[in-house]
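Given the structure is predicted, the values throughout are model-derived calculations rather than measurements. In listed order, ligands and their atoms are each counted from 1.
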Amino acid sequence: YQYQEMLTNKYGEDSKLIYDLKDQGGEMLSLRYDLTVPFARYMAMANIQTIKRYHIAKVYRRDNPAMTRGRYREFYQCDFDIAGHYDPMIPDAECLRIVAEILSELKLGDFTIKVNDRRILDGIFAVCGCPGEKFRQACSAVDKLDKLTWSDVKAEMLEKGLTEESSDQIGNYVQMAGGLDLVEKLLSDEILNGNKSALAGLTDMRLLLQYLELFQITDRVQFDLSLARGLDYYTGPIFEAILLGNNDDKKERVKGETVGVGSIAGGGRYDGLVGSFHPKGKSVPCVGVSIGVERIFSIIEANIKKEKGKTRTNDTQVYVASPQKGFVEEKMKIITELWNSNIKAEMSYKKNPKMLNQMQHCEENGIPLAVIVASGELQAGTIKIRSVGSREERTVDRNKMVDELKQMIGTTACNC
Ligand SMILES: *[C@@H]1O[C@H](CO)[C@@H](O)[C@H](O)[C@H]1NC(C)=O
Ligand SMILES: *[C@@H]1O[C@H](CO)[C@@H](O)[C@H](O)[C@H]1NC(C)=O
């Protein structure tokens with residue numbers, strides 16, 4: 001549990017999704033909303049100056065669950081953060097490289113990592129005449145550009161008290177996306193580069209994109225001015241990874257390009273958060289990413305289903321079976337030998353199971369190998385090894401069983 005006040009003023013509009021536990025034994029508590037704020041508090045309390053770490057744990061959102069899309073009220077996030085006073089954009093570039101590596105490795109399909117910078121956005125809002133106290137609201141409206149059309153977003157801005165003129169000016173900027181060329185173009189935009197904050201953001205964005213080129217991930221990255229990320233604590237670069245795919249249940253964007261399956265990772269720089277928890281206000285700059293574990297699982301499962309495959313939820317390598325009655329003790333001896341040799345093995349929990357049921361179990365659970373013992377083998381001092389997939393059987397010496405199995409498990413043909 002987190003003290004409720006620690007979570008206030010950190011998440012902007014999303015604060016409505018925080019689980020409050022009202023007055024538990026006199027304390028105002030909330031369930032943690034993400035791993036970033038608790039991490040920052042830990043850094044401050046333990047007075048840590050530099051750290052690089054990952055953390056996989058549960059977080060809670062009082063949101064509408066959508067099981068099939070991997071959206072739950074209690075779910076896992078995997079966070080990776082780099083904290084410390086370093087030169088600009090080097091840790092940021094590494095975070096993006098890590099996200100790109102993870103998403104490529106998981107083979108989820110085509111993806112894009114959108115990047116932007118809070119300082120650029122704030123600069124845009126400022127030069128477009130949006131008053132400072134409305135920045136965060138404008139920000140969360142712009143953030144919806146991936147789901148809503150520009151005219152819906154503009155309507156929200158007007159509702160939040162922005163003028164028609166300043167909304168239109170903001171709209172011209174935030175619908176742009178590109179690469180280094182766009183950064184250069186904006187750097188020479190005299191209205192925008194006259195704002196210190198925007199200039200600092202654009203200068204860092206140029207550096208970041210140059211580093212990402214060296215890290216060989218520019219083909220995965222897009223500088224997208226509509227990316228805003230709702231959370232309040234970001235102070236510099238922000239990122240969001242989107243899976244691309246032909247998804248029907250999402251409105252087409254005005255721009256008509258990237259229709260995503262949704263966001264599966266996000267993050268950014270939060271230089272002020274540790275300081276806000278530190279007793280003396282000492283700050284530690286941080287940058288990090290969060291990866292949504294369930295979302296990724298639901299995508300992987302859907303992909304496997306599409307290929308008519310099965311998701312294995314256990315990794316048993318060998319099943320110990322017998323076609324005859326009265327072999328439970330013999331099977332126990334064999335399975336003990338396998339367990340002692342670090343082979344993942346299972347046998348029926350019934351004393352005298354039917355052979356057909358034992359083989360069915362192997363097939364249903366994707367267990368690749370079976371060891372079969374019967375009276376003939378027992379007398380001859382041998383054992384049968386069956387490849388469940390091909391149904392091929394081999395008879396081997398009982399005392400060579402473990403070696404044989406280990407060899408078979410080691411080959412790629414065996415899906416062990
Ligand atoms: C530049 O933008 C910042 C917001 O990031 C704002 O506070 C500041 O007033 C702006 N300066 C000018 C000269 O517009
Ligand atoms: C093993 O995984 C399969 C799916 O591949 C599942 O149906 C089965 O229930 C699992 N068995 C156990 C014992 O967990």
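Ring centroid separation for the pair His361 and Tyr319 comes in under the 6.0 Å cut-off.
Put simply, atom 7 (O) of ligand 1 has no protein non-hydrogen atoms near it, under 4.0 Å away.
Scanning the protein for heavy atoms near atom 5 (O) of ligand 1, the closest one is Ser197 OG, 2.9 Å. Summary of contacts: the protein heavy atom closest to atom 3 (C) of ligand 1 is Asn195 ND2, 3.6 Å. For atom 4 (C) of ligand 1, the closest heavy atom belonging to the protein is Phe135 CE2, 3.5 Å.
Both tests do not hold together for Arg269 against Tyr233: distance to the six-membered ring centre under 6.0 Å, angle to the ring axis within 45°.
Within 6.0 Å of CZ on Arg62 lie no more than 12 heavy atoms contributed by other residues, nucleotides or ligands.
Side-chain N or O atoms of Gln4 include none that pairs as donor or acceptor with a backbone N or O of Met28 at under 3.5 Å.
By the 4.0 Å heavy-atom criterion, Phe125 is excluded from the residues contacting ligand 1.
Nearest heavy-atom pair across Asp219 and Gln216 is OD1-O, 4.0 Å.
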